[in-house]
Number of protein chains: 2
Amino acid sequence: MRISALACFAVTGLLAAGAWAFRPAPATVSAAAENAAYTPTYTKDGDLIPPTQYREWVYLTTGLDMSYNPKASSSDMSMFDNVFVNPEAYRVFQATGTWPDKTVMLLESRQAQSKGSINKSGHFQSGGVMGLEIHIKDESHFPGKWAFFDVASETKATLIPPAAPCYSCHAEHAAVDTTFVQFYPTLLPVAQKKGTLSASYQKENAAETTK
Amino acid sequence: MRISALACFAVTGLLAAGAWAFRPAPATVSAAAENAAYTPTYTKDGDLIPPTQYREWVYLTTGLDMSYNPKASSSDMSMFDNVFVNPEAYRVFQATGTWPDKTVMLLESRQAQSKGSINKSGHFQSGGVMGLEIHIKDESHFPGKWAFFDVASETKATLIPPAAPCYSCHAEHAAVDTTFVQFYPTLLPVAQKKGTLSASYQKENAAETTK
């Protein structure tokens with residue numbers, strides 16, 4: 001089972017390369033309009049309209065073939081996972097060490113290629129988006145405050161049911177407020193300084209360092 | 001020799017973890033001030049004052065242990081390289097397929113860790129910045145329009161001499177205007193559509209695909 005730095009479930013709904021084609025910011029739109037805050041909007045069926053400009057949001061980290069399962073993956077395909085967050089939430093985190101309401105994180109999966117152009121070894125990101133997941137904090141909308149969505153298209157993200165293992169895994173292991181800040185190198189020091197690390201993470205971390 | 005998605009020279013000036021401590025955006029500063037464009041400023045010795053808020057710029061890509069040398073690296077340490085560009089330049093690229101004057105790209109190196117917290121395999125980014133390089137287009141300042149700098153501290157980046165191999169490598173192999181757009185998955189389709197791919201890259205690419 002492939003696992004990501006954002007969610008703890010397999011990337012099941014791989015998008016065909018190029019199927020999810022993000023609109024570049026139109027050159028005629030003012031910077032102010034482009035930077036307008038994203039407002040979560042839901043359909044009557046409970047789907048979320050996903051943000052399309054997340055590549056201009058604040059970048060948090062990238063992992064390669066991360067897995068929380070001791071058994072190594074048998075997949076031949078290597079994948080990068082890039083994590084982004086809306087700028088408003090990032091700035092609040094810098095000031096407080098935790099996430100405000102309406103925090104929206106996106107995890108984007110892209111294929112890792114090794115040989116191509118002049119590159120001979122290691123890995124670089126290649127091709128279109130292969131998977132896209134959202135972790136959103138919307139306190140008045142979700143009983144557990146946070147929810148995960150799987151992005152199916154530019155206009156539709158489907159709720160991952162609260163019984164899915166990603167919810168319990170994040171609740172049990174996340175460093176800050178159900179998010180895996182332990183894998184976000186610019187944010188972990190902020191949480192340490194602000195004293196916002198979860199009790200469960202601190203306990204796990206202490207157990208790990210005394211092994 | 002370790003090589004990166006931005007520059008084609010070894011990361012020589014590894015910063016001690018944490019030595020380069022970026023200032024988080026102060027919570028009291030207005031969004032407008034935070035998003036103010038970066039203006040390249042040079043000292044009388046020719047050093048560049050590096051941007052400190054590049055982690056809020058637009059993310060382009062991440063590579064892991066990339067190398068343009070057919071001989072694999074013998075280093076035991078795995079490193080991620082993250083590339084960022086100033087938002088103004090990114091928006092011009094989206095509209096035109098090439099870079100405007102005053103484009104500033106940063107390549108940030110961070111250690112790749114495998115086991116940590118609940119992660120069991122693959123790699124995640126861990127710890128402080130291990131290296132930081134700048135590729136800047138400042139047409140009136142540099143005879144070759146572009147220059148590379150090695151960041152030594154928050155207030156100083158040192159010019160890499162134009163005779164260094166990174167300049168000739170980028171001139172010969174870069175997909176667009178001396179930059180390795182072939183490794184930036186959101187920008188390569190834009191350059192293809194706008195017809196801004198360099199002749200040398202197109203020739204290399206054609207040779208590669210007909211092998």
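Note that the structure is predicted; figures quoted are calculated from it, not measured.
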Decide side chain to side chain contact (heavy atoms under 4.5 Å, CB included) for A/Glu172 and B/Ile118; before the verdict, give the C-alpha distance in whole Å, the side-chain angles of both, and the deciding distance to 0.1 Å. CA-CA 10 Å; A/Glu172 287 164 23; B/Ile118 58 169; over 6 Å; no
Test A/Thr62 against B/Phe124 for side chain to side chain contact (heavy atoms under 4.5 Å, CB included), laying out the working first. CA-CA 7 Å; A/Thr62 295; B/Phe124 64 93; over 6 Å; no
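Between B/Ser126 and A/Leu188, every side-chain heavy-atom pair lies at or beyond the 4.5 Å cut-off. Looking at heavy atoms from C-beta onward, B/Gln182 lies out of side-chain contact with A/Asn119 at the 4.5 angstrom threshold.
Nearest heavy atoms, A/Asn69 versus B/Lys120: O-CB, 3.7 Å. Heavy atoms only, all atoms of each residue included: B/Gly127 and A/Pro185 are closest at O-CB, 3.5 Å. Minimum heavy-atom separation, B/Glu56 to A/Arg91: OE1-NH2, 3.0 Å. Here the closest non-hydrogen pair linking B/Phe80 and A/Leu64 is CZ-N, 4.1 Å. In plain terms, the two heavy atoms of B/Thr61 and A/Arg55 that are nearest each other are N-NH2, 4.5 Å.
Within 6.0 Å of NZ on A/Lys102 lie more than 12 heavy atoms contributed by other residues, nucleotides or ligands. Atom NZ of A/Lys194 sits in a crowded spot, with more than 12 heavy atoms from other residues, nucleotides or ligands closer than 6.0 Å.
Under the 30°/60° scheme for interplanar angles, the aromatic rings of B/Phe84 and A/Tyr59 are found to stand perpendicular.
Checked against side chain to side chain contact (heavy atoms under 4.5 Å, CB included), A/Gln202 has the following partners two or more places apart in sequence or in another chain: A/Leu197. Not counting sequence neighbours, the partners of A/Ala89 by the side chain to side chain contact (heavy atoms under 4.5 Å, CB included) test are A/Val85, A/Asn86, A/Trp99, A/Pro100, A/Thr103.
A donor-acceptor contact closer than 3.5 angstrom is absent between the side chains of A/Ser117 and B/Tyr68.
Only the side chain of B/Asn82 comes within contact range of chain A, with at least one heavy atom under 4.5 Å from a heavy atom of that chain. Residue B/Gln125 touches chain A through both its backbone and its side chain, counting heavy-atom pairs closer than 4.5 Å. Interface remark: B/Leu60 contributes backbone atoms only to the contact with chain A (heavy atom separation under 4.5 Å).
Expressed to the nearest 0.5 Å, how far OG of B/Ser78 lies from NE2 of A/His123 amounts to 10.0 Å.
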